[in-house]
Chemist: 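Structure provided below as structure tokens; questions to follow.
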Amino acid sequence: MFRAIALISSVDNMLDATNSPVGYDFITFWSAGYLALEGVPEAAFIRERIVEIQQLAVPGNDAVFLWHYPPTFMLLTTVLAAIPYLASYFLFIGGSFLFYVYSLKRLFQHRYAILLIVAYPAVYLTMVHGQNSLLSTGLLACAIVCFRSRPVLAGVFIGLLAFKPQLGVLIPLVLIVSQQWRVFWSAAVTTGVFVGLSLTVFGWELWDIFFQNMSVVKSLMGQGFLLSEKMPSLYITLKMIGFADHFAYVMHWGMASGVVGVLMWLWYRCGPTKMAFAALIPAILLILPYLFDYEMTLLAIPIALLAMDMADKGGMSWEKTILVCGFVTPLILAGIGQNFGVQIGFPVIFSLFVLAVSRAVSDVRKTKAV
């Protein structure tokens, strides 16, 4: 939080002390939306065109922020670009933060929960970067809140995650193995409507360009053009310590396959329990080779779920240590990576997954014993 305040106080002509625009990644969102309003949404994927609009938003900006998002998210950015850049940034971040706090407060109805929710360092990474992780975290929290009492509404919240589809890849699988059909079909219909709306507005061509652009993202990662110290995936972790690109990919997808297998077994055995959800969210992050530290905002949900579970049932010292590490890691991850060439984010996310699975299995055993 103090870093966010320091950055804001150093702003001059919408540039901070590092000569980056206020909102960082948000300039990409606004610029893509601006091009969509101009009637050329496909231009968002053209480096020269989006840089031109970014300099229109912040004239002193000389950094380059590329657009890699699907047409579903462009629907939102088109609305955001209808107002001036700075006002749009504060509206988006302020609204996302309020939605995040409201959603998680409904999920964790404990008098001290708000402190954990607001103090989590990844929240401020998301706000400084102008990213959308508060929105995705809020949607997941709402889905969990409604899951048993209002399954159709829970599916709607899950379907809205189609604005960032990589975050929803595992959800249909766990819904199927746990036979949560009302949630599944509601999510499927919502996703279909969301995608259909984007097709109506932008046409199929924009989706085709989006899929073709995935090879650009893979190339950027492979050539080391992205900030590895801020990317807590196994792929990047192995690359940072010197492993070859192909080997790192093979190891990453091998790990991801194992995580998916364990997760599906867990949901098959346990169903939609709190610990099953606590395992689902780190699993979503673990399977992604392209992952930045601000996405760790999603871990606010499993960290709080695990903390409440330990408060009720007790926890071992090693479990509490993992929980503390999960809370502080977003704050120190980039600094450690930059200064020591080590990515600590992946082992922490993986440890949270193991912890959630361990406590879920323990609950099953205790139930059987009774």
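On a predicted model such as this, the values are computed, not experimentally measured, just so you know.
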Chemist: What's the shortest heavy-atom distance between Leu291 and Leu288, and which atoms?
Modeler: CB-O, 3.9 Å

Chemist: Mark yes or no for whether Ser358, through its side chain, and Val354, through its backbone, hold a donor-acceptor pair below 3.5 Å.
Modeler: no

Chemist: Indicate the atoms forming the closest heavy-atom contact of Ala279 with Leu266, along with that distance.
Modeler: CB-CD2, 3.7 Å

Chemist: Calculate, to the nearest 0.5 Å, the distance between atoms NE2 and OG1 belonging to His129 and Thr126 respectively.
Modeler: 8.0 Å

Chemist: When clusters are formed by joining ILVMFWY residues with side-chain heavy atoms under 4.5 Å apart, either directly or through shared neighbours, do Leu98 and Leu116 land in the same one?
Modeler: no

Chemist: Please check if the number of heavy atoms outside Tyr34 that lie under 6.0 Å from its OH is greater than 12.
Modeler: no

Chemist: So Arg47 and Leu66, do their side chains get closer than 4.5 Å, heavy atoms only?
Modeler: yes

Chemist: Using atom types as modelled and distance alone, determine if a side-chain donor or acceptor of Thr72 lies under 3.5 Å from a backbone N or O of Ala162.
Modeler: yes

Chemist: Can you tell me how the ring of Phe277 sits relative to the ring of Trp267, calling it parallel under 30°, perpendicular over 60° and tilted otherwise?
Modeler: perpendicular

Chemist: Given Phe26, which of Phe65, Tyr89, Tyr294, Trp67 fulfils the ring pair (Phe, Tyr, Trp, His ring centres under 6.0 Å) condition?
Modeler: Tyr89

Chemist: Please enumerate all residues that pass side chain to side chain donor-acceptor pair (under 3.5 Å) together with Thr137, with sequence neighbours excluded.
Modeler: none

Chemist: Which pair of non-hydrogen atoms, one from Arg49 and one from Ala43, has the smallest distance, and what is that distance?
Modeler: CB-O, 3.6 Å

Chemist: Kindly work out whether a path of hydrophobic side-chain contacts (I/L/V/M/F/W/Y, heavy atoms less than 4.5 Å apart) joins Val193 to Ile158.
Modeler: no

Chemist: Any donor-acceptor pair under 3.5 Å linking the side chain of Tyr100 with the backbone of Ile117?
Modeler: yes

Chemist: Quick check: closest heavy atoms across Lys230 and Leu333, and the distance to 0.1 Å?
Modeler: CA-CD2, 3.7 Å

Chemist: Can you name the nearest heavy-atom pair linking His252 to Pro289, along with the distance?
Modeler: NE2-N, 3.4 Å

Chemist: Between Gln343 (side chain) and Gly345 (backbone), is there a donor-acceptor pair under 3.5 Å?
Modeler: yes

Chemist: Could you tell me the separation between the CG atom of Asn61 and the OH atom of Tyr85, rounded to the nearest 0.5 Å?
Modeler: 8.0 Å

Chemist: Counting N and O atoms only, with roles assigned by atom type, does the side chain of Trp30 sit under 3.5 Å from a partner on the main chain of Ser88, one being a donor and the other an acceptor?
Modeler: no

Chemist: Does Thr190 form a side-chain contact (heavy atoms from CB on, under 4.5 Å) with Phe157? I'd like the steps, not just the answer.
Modeler: CA-CA 8 Å; Thr190 303; Phe157 287 123; over 6 Å; no

Chemist: If you draw a 6.0 Å radius around CH2 in Trp185, do more than 12 non-hydrogen atoms from other residues or ligands fall strictly inside?
Modeler: no

Chemist: Show your working on side-chain contact (heavy atoms from CB on, under 4.5 Å) between Phe99 and Cys142 and close with a plain yes or no.
Modeler: CA-CA 10 Å; Phe99 177 58; Cys142 285; 3.9 Å; yes

Chemist: Looking at Trp207 versus Phe210, is the centre-to-centre ring distance below 6.0 Å?
Modeler: yes

Chemist: Check whether any side-chain heavy atom of Pro172 sits under 4.5 Å from a side-chain heavy atom of Phe184, and report yes or no.
Modeler: yes

Chemist: Under 6.0 Å from the CZ atom of Phe350, do we count more than 12 heavy atoms belonging to anything else shown?
Modeler: no

Chemist: Would you indicate whether Met214, at its atom CE, is surrounded by more than 12 heavy atoms from other residues, nucleotides or ligands within a distance under 6.0 Å?
Modeler: yes

Chemist: Would you say Thr78's side chain and Met74's backbone share a donor-acceptor pair under 3.5 angstrom?
Modeler: yes

Chemist: Backbone N or O of Gly271 within a donor-acceptor pair of the Ser178 side chain at under 3.5 Å?
Modeler: no

Chemist: As an exercise, state the distance from CG of Leu286 to CZ of Phe353, rounded to the nearest 0.5 Å.
Modeler: 7.0 Å

Chemist: For the residue pair Tyr69 and Phe29, does the interplanar ring angle fall in the parallel (under 30°), tilted (30 to 60°) or perpendicular (over 60°) class?
Modeler: perpendicular

Chemist: Just wondering, do Tyr268 and Val174 contact through their side chains at under 4.5 Å, heavy atoms?
Modeler: no

Chemist: Do other residues, nucleotides or ligands put more than 12 heavy atoms under 6.0 Å from Lys105 NZ?
Modeler: no

Chemist: Is the shortest side-chain heavy-atom distance between Phe108 and Leu305 below 4.5 Å?
Modeler: yes

Chemist: Going only through I, L, V, M, F, W and Y residues with side-chain contacts under 4.5 Å, is there a path from Leu298 to Tyr102?
Modeler: no

Chemist: Does the pair Glu38 and Ile53 meet the rule for a side-chain contact (heavy atoms from CB on, under 4.5 Å), with working shown?
Modeler: CA-CA 11 Å; Glu38 292 287 296; Ile53 305 304; over 6 Å; no

Chemist: Just checking Met255: does its CE atom have more than 12 heavy atoms from other residues, nucleotides or ligands closer to it than 6.0 angstrom?
Modeler: yes

Chemist: Look up atom CD in Glu205 and atom CG in Leu199, then write down how far apart they are to the nearest 0.5 Å.
Modeler: 9.5 Å

Chemist: Hey, are Lys164 and Glu295 close enough for a salt bridge, meaning a charged N less than 4.0 Å from a carboxylate O?
Modeler: yes

Chemist: Just jot down the side-chain contact (heavy atoms from CB on, under 4.5 Å) partners of Met310, sequence neighbours excluded, or say none.
Modeler: Glu319, Lys320, Leu323, Leu355, Arg359

Chemist: Any donor and acceptor pair, going by atom type alone, linking the side chain of Ser215 with main-chain N or O of Gln212 inside 3.5 Å?
Modeler: yes

Chemist: Any chain of hydrophobic side-chain contacts (each under 4.5 Å) joining Leu197 to Leu206?
Modeler: yes

Chemist: So, do Ile171 and Val183 sit near enough that their side-chain heavy atoms are less than 4.5 Å apart?
Modeler: no

Chemist: Honestly curious: do Ile27 and Leu37 fall in one hydrophobic cluster under the side-chain, below-4.5 Å linking rule?
Modeler: no

Chemist: Donor-acceptor check, side chain of Thr28 to backbone of Asp25, threshold 3.5 angstrom: yes or no?
Modeler: yes

Chemist: Any chance CZ of Phe243 has more than 12 other-residue heavy atoms, nucleotides or ligands included, within less than 6.0 Å?
Modeler: no

Chemist: So which heavy atom on Met251 is nearest to which on Leu238, and how close?
Modeler: CB-CD1, 3.5 Å

Chemist: CZ of Arg182 to CZ of Arg150: how many Å apart, nearest 0.5 Å?
Modeler: 11.0 Å

Chemist: With heavy-atom distances below 4.5 Å as the criterion, would you say the side chains of Pro282 and Leu299 are in contact?
Modeler: yes

Chemist: So, the side chain of Asn339 versus the backbone of Gly335: is there a donor-acceptor pair under 3.5 Å, distance only?
Modeler: yes

Chemist: Taking it one step at a time, do Tyr235 and Tyr290 satisfy side-chain contact (heavy atoms from CB on, under 4.5 Å)?
Modeler: CA-CA 8 Å; Tyr235 167 69; Tyr290 183 87; over 6 Å; no

Chemist: Could you tell me if the side chain of Asn132 sits less than 4.5 Å from the side chain of Ser96, heavy atoms only?
Modeler: no

Chemist: Working to the nearest 0.5 Å, report the span between CG of Leu285 and CG of Leu280.
Modeler: 9.5 Å

Chemist: Side-chain contact, heavy-atom cut-off 4.5 Å: Leu76 with Phe73?
Modeler: yes

